[in-house]
Engineer: 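Input: one structure, supplied below.
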Amino acid sequence: MHTRAMVLPETDSRIDLTVPTLTAHVPDYEKDIEQILISEEEIKDCLRRFGEQITADYAHEDSLLLVGVLKGAFIVMADLARHIRLPLEFDFMAVSSYGMATKTSGVVRILKDLEHEIEGRNVLLVEDIVDSGLTLSYLLKNLRTRRPKSLEVCSLMQKTDVQQVPLDIKYRGFEIPPVFVVGYGLDYAERFRNLPYVATLKPGVYQEAV
C-alpha cells in the first residue's frame, strides 16, 4: 500500500508531553532519563517522510550534497540519507556554541570546515535541533557567501518558543518545548547520544551547568 508523502512543515507536529514509557536501551542511562518526548518509531516515520519529500524535490537536479552539523546531526543525517533515493554526496561542519552548558552562548566557532567547494551545488544542511537559531543563522550566512546553487535546511526538531532569529527551514520535523533534550545524537557532556529516542533529563543531572 502506497501513501502520499506529507509536506512536513504543514503537519501538526507538537509533542505530547504525557508519553509515559521508557525503554532500557542503555541501562546505565535509565536513572538519568526523566521523560521520552519523541519515540524511536516517531523519529523513523519523520525521517522516512523527509526522504520521500527530498527525493521528489531534487529528482531533476544533477546532484545533492548533504552537509551535517557535527556532532549532533550525524545520526539524523545517516538515517535520513537511507531514505533519499537519489545519488548523494556528504560533507560535514563542526561548530561550537554550547561547551558544557545546556544553553547556547550565541558565540559560534567553526571547528571543522567543509572539505569541498559548494559553488554552484545544491546543498542541504542537516541539523538535529534548532533552538535560538543563532548558530544556524551564522552557518547559513557563511555558506551563502560560497555561492551554492541552492541552500536549504532539514532539521529534526525546532524550539520555536526560544528562537531569536527568523529562519526558513524547508524540512521541519517536530516542534518541542523549550526544554533541554538528549538522545538521537544530542548529548549532555558527550553522553546520551546513542539513545534511539529524544528525552529530557532529570534536573539533578545537569543543574550545575544551567
Engineer: Run the numbers on Tyr138 and Ile110 for side chain to side chain contact (heavy atoms under 4.5 Å, CB included), then give the verdict.
Structural biologist: CA-CA 10 Å; Tyr138 174 85; Ile110 293 181; 4.0 Å; yes
Engineer: For His116, does its backbone N or O pair with a side-chain atom of Asp91 as donor and acceptor, under 3.5 Å?
Structural biologist: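 Yes; at least one donor-acceptor contact below 3.5 Å.
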Engineer: Is the backbone N or O of Phe92 less than 3.5 Å from a side-chain atom of Lys112, with the two atoms forming a donor-acceptor pair by type?
Structural biologist: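 Side chain of Lys112 to backbone of Phe92: a pair is present.
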Engineer: Could you verify whether a donor N or O on one side chain and an acceptor N or O on the other, from Glu52 and Thr55, lie under 3.5 Å apart?
Structural biologist: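 The answer is no; no qualifying pair exists.
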Engineer: Is it the case that more than 12 heavy atoms not belonging to Arg146 sit under 6.0 Å from its CZ atom?
Structural biologist: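 Above 12, so yes.
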Engineer: Do the non-hydrogen side-chain atoms of Phe50 and His83 ever get within less than 4.5 Å of each other?
Structural biologist: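 Heavy-atom side-chain distance check fails, nothing below 4.5 Å.
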Engineer: Should Tyr58 and Glu152 be marked as a side chain to side chain contact (heavy atoms under 4.5 Å, CB included) after you check the CA-CA gap, both sets of side-chain angles, and the distance that decides it?
Structural biologist: CA-CA 11 Å; Tyr58 291 89; Glu152 301 291 352; 3.5 Å; yes
Engineer: Is there a donor-acceptor pair under 3.5 Å between the side chain of Asp161 and the backbone N or O of Pro177?
Structural biologist: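 Side chain of Asp161 to backbone of Pro177, a donor-acceptor pair under 3.5 Å: no, none is there.
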Engineer: Test of understanding: clusters of I, L, V, M, F, W, Y form through side-chain heavy atoms closer than 4.5 Å, transitively. Do Leu143 and Leu111 belong to the same one?
Structural biologist: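 No: no chain of side-chain contacts under 4.5 Å links Leu143 to Leu111.
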Engineer: Show your reasoning for whether salt bridge (charged side-chain N to carboxylate O under 4.0 Å, His left out) applies to Lys149 and Glu61.
Structural biologist: CA-CA 10 Å; Lys149 179 180 179 181; Glu61 298 291 342; 2.8 Å; yes
Engineer: Should Glu175 and Lys159 count as an ion pair when the cut-off is N to O under 4.0 Å?
Structural biologist: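 Salt bridge flag = no for Lys159 with Glu175.
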Engineer: Closest heavy-atom contact between Ala59 and Leu86?
Structural biologist: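 The pair with the smallest heavy-atom distance is CA-CD2, 4.0 Å.
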Engineer: Enter the distance from Asp62:CG to Leu64:CG here, rounded to the nearest 0.5 Å.
Structural biologist: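 Result: 11.5 Å between the selected atoms.
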Engineer: I'd like to check Val153 versus Leu140 (side-chain heavy atoms, cut-off strictly below 4.5 Å). Are they in contact?
Structural biologist: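 Heavy-atom side-chain distance check passes, below 4.5 Å.
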Engineer: A side-chain contact here means heavy atoms from C-beta on lying under 4.5 Å apart; do Pro27 and Glu30 qualify?
Structural biologist: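 Of all side-chain heavy-atom pairs linking Glu30 with Pro27, none is under 4.5 Å.
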Engineer: Side chain to side chain contact (heavy atoms under 4.5 Å, CB included) between Val179 and Leu37: does it pass, once the steps are laid out?
Structural biologist: CA-CA 10 Å; Val179 293; Leu37 293 188; 4.0 Å; yes
Engineer: Roughly how far, to the nearest 0.5 Å, is CD1 of Ile75 from CG of Asn194?
Structural biologist: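 Taking CG in Asn194 and CD1 in Ile75, the distance rounds to 7.0 Å.
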Engineer: More than 12 heavy atoms of other residues, nucleotides or ligands under 6.0 Å from NZ of Lys141: is that the case?
Structural biologist: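 No, because the 6.0 Å sphere around NZ of Lys141 holds 12 heavy atoms or fewer from other groups.
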Engineer: Does one side chain, of Gln35 or Thr200, offer a donor that lies under 3.5 Å from an acceptor on the other?
Structural biologist: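 Looking only at side-chain atoms, Thr200 and Gln35 do not form any donor-acceptor pair under 3.5 Å.
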Engineer: Is a donor on one side and an acceptor on the other found under 3.5 Å between the side chain of Gln163 and the backbone of Val165?
Structural biologist: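 Flag set: sc Gln163 to bb Val165 pair under 3.5 Å.
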Engineer: Show the nearest heavy-atom pair for residues Gly173 and Cys46, with the distance to one decimal.
Structural biologist: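 Smallest interatomic distance, heavy atoms only, reads CA-SG, 3.9 Å.
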Engineer: Quick one, Ser137 and Leu167 - any side-chain contact, counting heavy atoms below 4.5 Å?
Structural biologist: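 Yes, side chains in contact.
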Engineer: Would you give the length of the straight line joining atom CE of Met157 to atom CD1 of Ile176, rounded to the nearest 0.5 angstrom?
Structural biologist: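 Here the rounded value is 5.5 Å.
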Engineer: Rounded to the nearest 0.5 Å, how far does SG of Cys154 lie from CD of Gln53?
Structural biologist: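 The SG atom of Cys154 is 11.0 Å from CD of Gln53, to the nearest 0.5 Å.
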Engineer: Which pair of non-hydrogen atoms, one from Val198 and one from Gly183, has the smallest distance, and what is that distance?
Structural biologist: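 Between these two residues, the closest heavy atoms are CG2-O, 4.2 Å.
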Engineer: What's the separation between atom CD1 in Ile36 and atom CD in Glu34, rounded to the nearest 0.5 Å?
Structural biologist: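 Here the interatomic distance stands at 12.0 Å.
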Engineer: Can we say Arg121 and Glu89 salt-bridge, meaning some charged N sits less than 4.0 Å from an Asp/Glu carboxylate O?
Structural biologist: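 The answer is yes: the pair qualifies as a salt bridge.
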Engineer: Fit a plane to each ring of Tyr29 and Phe192, take the angle between them on a 0 to 90° scale, and name the class: parallel (under 30°), tilted (30 to 60°) or perpendicular (over 60°).
Structural biologist: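 Tilted: the ring planes of Tyr29 and Phe192 meet at 30° to 60°.
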Engineer: Considering non-hydrogen atoms only, spot the tightest contact between Ile38 and Tyr197 and give its length.
Structural biologist: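 Nearest pair, atom of Ile38 first, then Tyr197: O-CB, 3.2 Å.
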Engineer: I want to check something: taking the side chain as every heavy atom from C-beta on, are Arg109 and Val95 in contact at a cut-off of under 4.5 Å?
Structural biologist: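 Arg109 vs Val95: side chains apart.
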Engineer: Answer yes when Asp32 and Lys202 have at least one side-chain N-carboxylate O distance shorter than 4.0 Å, and no when they do not.
Structural biologist: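 No salt bridge links Asp32 with Lys202.
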Engineer: Could you tell me whether the side chain of Leu201 reaches within less than 4.5 Å of the side chain of Ile33, counting heavy atoms only?
Structural biologist: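 Yes; the side chains approach each other to less than 4.5 Å.
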Engineer: Taking Asp128 first and then Lys71, would you say they form a salt bridge - that is, a charged N and a carboxylate O separated by under 4.0 Å?
Structural biologist: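 No salt bridge links Asp128 with Lys71.
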Engineer: So, Tyr184 and Asp79: side-chain donor and acceptor under 3.5 Å apart, yes or no?
Structural biologist: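 Present: a donor and an acceptor within the cut-off.
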Engineer: Taking the side chain as every heavy atom from C-beta outward, state whether Phe74 and Arg193 have any atom pair closer than 4.5 Å.
Structural biologist: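 Counting from C-beta outward, Phe74 and Arg193 do come under 4.5 Å.
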Engineer: Which distance, rounded to the nearest 0.5 Å, do you find between the CG of Leu47 and the CE of Met77?
Structural biologist: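 Between Leu47 CG and Met77 CE, I get 12.5 Å after rounding to 0.5 Å.
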Engineer: Shortest non-hydrogen contact from Ala81 to Leu66?
Structural biologist: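 For Ala81 versus Leu66, the nearest heavy atoms are CB-CD1, 4.1 Å.
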Engineer: Given side chains that start at C-beta, do those of Leu186 and Ile129 come closer than 4.5 Å, heavy atoms only?
Structural biologist: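 The answer is yes, as the side chains (C-beta and beyond) meet within the 4.5 Å cut-off.
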Engineer: Show your working on side chain to side chain contact (heavy atoms under 4.5 Å, CB included) between Ser132 and Val162 and close with a plain yes or no.
Structural biologist: CA-CA 5 Å; Ser132 72; Val162 297; 5.6 Å; no
